[in-house]
S.K.: 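Following this message is one structure expressed as structure tokens.
One is the number of the first residue; the rest follow in order along the sequence.
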Amino acid sequence: PASDLGATVTDNVDQNLGLKYFLNGALVSNIVIDTSAAATDTIDYVATDNAGNTATSTRTVIVESPATAEPAPTP
């Protein structure tokens with residue numbers, strides 16, 4: 001598995017921002033991606049200030065299957 005390094009949130013007024021992480025639509029406390037199989041995962045970072053303003057940033061992570069080498073032709 002691979003761990004996400006997270007996000008940094010800043011606001012020009014409010015320094016007490018709530019930040020929530022969603023992996024494929026599910027609220028999680030830590031983002032861990034399974035890299036053992038091909039998949040496409042969506043990470044949403046949702047920040048909310050004390051006034052209720054919300055901002056979302058989305059990251060798509062594509063895990064591809066390793067390329068399989070074809071055997072060399074026999075002479």
Side-chain angles (χ1 to χ4, degrees):
S3 294
D4 183 73
L5 298 177
T8 302
V9 180
T10 59
D11 185 83
N12 63 342
V13 175
D14 192 359
Q15 300 306 312
N16 186 18
L17 299 172
L19 182 61
K20 294 182 180 177
Y21 304 98
F22 294 84
L23 178 60
N24 299 320
L27 179 64
V28 294
S29 57
N30 292 313
I31 298 171
V32 178
I33 303 287
D34 180 4
T35 58
S36 66
T40 299
D41 296 297
T42 302
I43 302 168
D44 292 309
Y45 305 93
V46 181
T48 305
D49 67 10
N50 285 330
N53 299 310
T54 301
T56 302
S57 183
T58 301
R59 175 184 288 171
T60 301
V61 178
I62 300 170
V63 178
E64 296 181 347
S65 296
T68 55
E70 294 187 25
T74 333

S.K.: Once you round to the nearest 0.5 Å, how far does CG of Leu19 lie from OG of Ser57?
M.R.: 10.0 Å
S.K.: Using a 4.5 Å cut-off on heavy atoms from C-beta on, say whether the side chain of Tyr45 contacts that of Arg59.
M.R.: yes
S.K.: Mind checking side chain to side chain contact (heavy atoms under 4.5 Å, CB included) for Asn53 and listing every partner two or more places apart, or none if nothing turns up?
M.R.: Asp49, Ala51
S.K.: Do Thr40 and Thr60 have side chains that get closer than 4.5 Å, going by heavy atoms?
M.R.: yes
S.K.: Taking the side chain as every heavy atom from C-beta outward, state whether Ile43 and Thr58 have any atom pair closer than 4.5 Å.
M.R.: no
S.K.: Between Val63 and Asp34, is there a side-chain heavy-atom distance shorter than 4.5 Å?
M.R.: no
S.K.: Using the rule side-chain contact (heavy atoms from CB on, under 4.5 Å), only one of Thr42, Ile31, Val28, Asp44 pairs with Phe22; which is it?
M.R.: Asp44
S.K.: Can you list the residues that meet the side chain to side chain donor-acceptor pair (under 3.5 Å) rule with Asp11, with sequence neighbours excluded?
M.R.: none
S.K.: Could you tell me which residues satisfy side chain to side chain contact (heavy atoms under 4.5 Å, CB included) with Thr54, sequence neighbours excluded, listed by chain and number?
M.R.: Val46, Thr48, Thr56
